[in-house]
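Because the structure is predicted, anything quoted here is derived from the model rather than measured. Letters A, B, ... are given to chains in the order of the sequence lines, protein chains preceding strands, and every chain is numbered from 1.
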Amino acid sequence: MNDFTYHAPTSLDDALAALRGAEGGTLIAGGQSLLPIMKLNLAAPTDVVSLAGVAGLDGISDDGDSVTVGAMCTHAQVAGSATVQGRIPALAAMADGIGDAQVRNAGTIGGSLAHNDPAADYPAACVALGATIVTDRREIASDDYFQGMFMTALEDDEIITAVRFPVPARAAYAKFANPASKYAVAGVMVADGPAGVRVAVTGASGDGVFRMAAMEDALRGSFSAEAVAGIGVSSDGMLSDTAAGAEYRAHLVAVMAKRAVEACG
Amino acid sequence: MSGNGTGIGASVKRKEDARFLTGRGRYTDDINLPGQLYGYILRSGMAHAKIGAVHTDAARAAPGVHAVFTGKDMEGVGGIPTGWLIHSKDGSPMVEPGHPALAIDKVRYVGDCVAIVVAETAEQARSAANLIDVEREELQAVASIEAAEADGAPLVFDEAPGNVCYDWEVGDRAATDAAFDAADHVVSIDVVNNRLIPNAIEPRAAIANYDPATGDYTLYTTSQNPHLVRLLLGAFVLGLPEHKLRIVAPDVGGGFGSKIPHYAEEAILTWTAGQLGRPVKWTCERLDAFKSDTHGRDHISTAKLALDADGHFLGLHVTTKANLGAYLSTFATCVPTYLYGILFAGPYTTPAVYCEVKSFFTNTVPVDALRGAGRPEATYLLERLVDKAAVELGMDRVEIRRKNFIREFPYQTPVALQYDHGDYDATLDLALKAADWAGFEGRRAEAAARGKRRGIGISTFIEACGIAPSAVVGSLGARAGLYESGSVRVHPTGSVSVFTGTHSHGQGHETTFAQIVSDMLGVDFDAVDVVHGDSAKIPFGMGTYGSRSLAVGGTAIYLAVEKVIEKGKKIAAHLLEASAEDIEFENGSFTVAGTDRSKTLGEVALTAYVPHNYPEGLEPGLEETAFYDPLNFTFPAGTHIAEVEVDPETGEVELVAVTGADDVGRIINPMIVDGQLHGGLAHGIGQALLEECVYQDDGQLETGSYMNYTMPRAADLPSFNINHNTTLCTHNPLGAKGVGEVGSIGVPPAVINAVIDALRPLGVNDMSMPATSQRVWQAIQRANG
């Protein structure tokens, strides 16, 4: 790891100033993705701006028809939140299945979304639930936010402050995890909510999260496992690695989608 | 052997755990010497390349850097030796190419050592290493057995045509051929034994020091066998006499065989410390450990079993190709031969057995012993084949085994070993009952109602542990003896220090050996401490591997204690004015037989060191050393049963039950024995279901981190159902056999046999390790056509 300047701002303005003043600065939230790549010298920022002490990025609130999660909430906080468990249990369960206990206690929703790992779980939840990504300067719909592997709509100096999830009528997440890394090989969030019936898939595609239109259509006709059971998933564009080749991954997407629908009850 | 609260047979809590559990263990990386520098090993990123000039000027000029050394700098230093000479079928010796510690003209695997950078800090050394420019000409790599044996394959070593190291055989080929000619049935199988990466929790580390005042070298290193490292490093690599080279293997966090070999880094560090006159420390990073710790297994085999009409085994023919990696690691050559081929009788009376093994060089990490070392590979093949025979002959899987069990001992196998004793029916019966084998079909039906495919699998196996005797292994090519040493020093006031040539890196020797000594001498368990791991303190010994520590090292200690007692009797007889022949020793007291006149061990010890009133002609002191050369291997045996549920939609295999019935010989500490069994089972289950080292065709290690190399976790394992049926080894006084490798030897075929049993109704009749969800799903798809 190379030497870098560490900043610990307490306000968004100070964080933005530190980031803008750095030659090659980066934000750090939970550090669960950034620190490993820094240790491998795959990232060598000149400045690291911590969001840990920035006011206003924490907390989970019930806003009636939506739940707002502060960007610096850890996965464990989301999983353990009575509000999330009560209003969007699928989101709490999804957060409880991220990585391992250490990751869940350090990693944050804002950090995960800013990084947009194609095998992360949150992108599927955001797209399926029709979440809104709130930043220091605007609100971005999930449909516009995710722009491919490790790519988002965020500007270079933009900071996520919160994520607003509309409360669905029903939703469930089914994940097939990589046995080694526990990242999603195929993670499917199915939701029936204000944004309509949505089926969002993470972990499977090299382009990151995507929606399964054919399944959504079928579910609009009949919200049942049988409705999606026969719908094949193409292996075109699927990721392929040691644990799962493209064909197997495509198959797992179909199985996980069916199981998520079943879990919606 | 009184079997009291801390004696032999008691589950005493481990002495060593207090320091381990409170973070006070002292591992190699915890050791810091005044004035130490840090070394970073630059490793090859190419699997196979010619090396031209290595430009180090920029690295030498980097902040904090004291020195950079390359292969050219070490060119006059000896290469890393190998410890076992194998002869091919035609009598020719194996091809034994040189192994320079730092690569000179060629690199041969990703991870091969290219240079060492020595700097004030580890970070400076690592950063400076990035500035080294190595002129390379990449060569085509051979990253697998298939690639190594292909026509026109590139050669890892020019002196090894076809990349073959040796073509070895054991057993009577003609007799085996005749058995097949006479057979009613022949059953064949092809199996791959998947390559594994050992992953001890403590990465390798070393810190070397040279004292110019005395000319003494000291190397602290993560080793299972410090004396072996001293012998190889001193005599073969650096040309240092033993009295000038001290090797210390302090607390070591797991070895599993990967810390047996003498590694190039140990030679590089020690040599570098001598060049600089300052201590140099190196700690392997985890990603480097993946590509530089010796790997294990990696066989491709085909085998056939000849049977008569009733299912009796008549003959077994095994043909195996083994991957040795890029260089011959310390025991690499004997693992696929004398630790493998001689196991093929298993627990069965097969009268004719023949095994041939061709071993190959490849552009991969050197392969050496890994928990079980050869015996898991043999057991897996045999137990898969026996299961297949049962299915093809329409026989019950249990009955075909029982029909062929050895029941008369000693039993001379057709592949060199002579089993002293065993009771294979007893462990089989115990396991069947404990696993409720008879009730399985009900569980299968219940699982089917939940959409799951449930299967049960069995493995009945023997091991050969405590490899021995020295004269025999010497005749087979071993370049070392395989005895063990033990010293027992009774101090003047009666406390005891025990010095052992074995090494504990998780096995609990400090507890087990103290139990033996305290029980035999009748002294408090807490009054006995065990010293190991420092060549300056302990007698010459061979270290710990092959489940040898208790059977061989424990016996040496036992014999040393007997010597102490014999001498004590002479001293006590003098004090009691009796004849030594009339002195009995029990519970720490020397007593004149038939009287109440006695002296305690403490009184006798004090007399030995303050010999004012002392037998004429007897040496003072109460300290004895014994070297024990075992008379035979020991033969632990057992039955393992695994039960799995397969999700046919995803291919996921859930291991729902594992039952073991084991005969490991005398049990000193049942808690430690069960812990060893649990660890071995986890290791074996890892191989069966999760772990697979994958190289790409160009020799890049695909599974080079925990992102895609799957180690078994607690959540992957059921609660183990462990049972014991103990018979004693007949040729060592403790009756000990060994336990450290049982699980990794016995359980993999039981798991795979269970997976196949689960899937057979779907038309699946074969499964490779690891039975990952993808592999299972693909097998189901193929069966569906």
Side-chain angles (χ1 to χ4, degrees), chain A residues 1-4 32-33 36-42 44 97 99-103 117-119 174-188 203-204 225 228-229 232-233 235 238-260 262, chain B residues 63 121-124 126-131 194 197 199 285-288 290 451 647-655 685-686 689-696 700-716 770-782 784:
Chain A
M1 191 183 291
N2 290 9
D3 288 347
F4 57 86
Q32 296 305 289
S33 297
I37 63 175
M38 285 175 68
K39 287 178 181 175
L40 294 171
N41 281 328
L42 297 175
D100 55 27
Q102 289 96 325
V103 167
D117 191 302
K175 170 164 84 164
F176 193 92
N178 181 302
S181 69
K182 302 298 180 188
Y183 273 101
V185 166
V188 180
V228 295
V233 178
S235 61
M238 289 285 165
L239 291 165
S240 181
D241 60 22
T242 319
E247 193 189 352
Y248 180 51
R249 249 189 174 84
H251 167 75
L252 288 175
V253 169
V255 175
M256 292 302 115
K258 187 184 75 170
R259 291 186 181 180
E262 283 170 351
Chain B
T121 71
E123 282 297 327
Q124 287 172 334
R126 183 214 252 241
S127 296
N130 288 330
L131 304 174
N194 44 322
I197 303 176
N199 280 297
E285 297 176 18
R286 182 60 68 181
L287 293 181
D288 278 354
F290 270 87
D647 179 336
E649 267 192 326
T650 62
E652 274 178 294
V653 177
E654 185 189 359
L655 185 62
I685 290 162
L689 294 178
L690 302 166
E691 297 185 51
E692 183 170 36
C693 171
V694 178
Y695 273 97
Q696 297 168 357
Q700 293 294 324
L701 180 58
E702 183 169 319
T703 52
S705 81
Y706 294 129
M707 288 297 284
N708 48 19
Y709 187 86
T710 312
M711 293 293 290
R713 296 165 161 94
D716 298 314
T772 61
S773 55
Q774 175 170 250
R775 190 166 273 148
V776 170
W777 178 77
Q778 287 170 338
I780 295 170
Q781 299 309 302
R782 277 196 302 273
N784 287 344

Between CD of B/Glu285 and NZ of A/Lys39, what distance do you get to the nearest 0.5 Å? 10.5 Å
Which heavy atom of B/Thr710 sits nearest a heavy atom of A/Pro179, and at what distance? CG2-O, 3.4 Å
Qualifying residue for side chain to side chain contact (heavy atoms under 4.5 Å, CB included) with A/Tyr248, from B/Gln774, B/Gln781, B/Arg775: B/Gln774
Part of B/Ser705 lying under 4.5 Å from any heavy atom of chain A: neither
When the 4.5 angstrom heavy-atom criterion is applied to B/Thr650 and chain A, the contacting part is both
Which value, rounded to the nearest 0.5 Å, describes the distance between B/Glu123 atom CD and A/Asp3 atom CG? 8.5 Å
Decide yes or no on side chain to side chain contact (heavy atoms under 4.5 Å, CB included) for A/Thr242 and B/Thr703, but give the supporting numbers first. CA-CA 8 Å; A/Thr242 319; B/Thr703 52; 4.0 Å; yes
Is chain B contacted by the side chain of A/Arg249, its backbone, both, or neither, given a heavy-atom distance below 4.5 Å? neither
Taking atom CD of B/Glu649 and atom CZ of A/Phe176, what is their separation to the nearest 0.5 Å? 11.5 Å
Candidate pair A/Glu247 and B/Trp777, rule side chain to side chain contact (heavy atoms under 4.5 Å, CB included), full reasoning: CA-CA 11 Å; A/Glu247 193 189 352; B/Trp777 178 77; 4.3 Å; yes
A/Asp100 versus B/Arg713: any side-chain heavy-atom pair under 4.5 Å? no
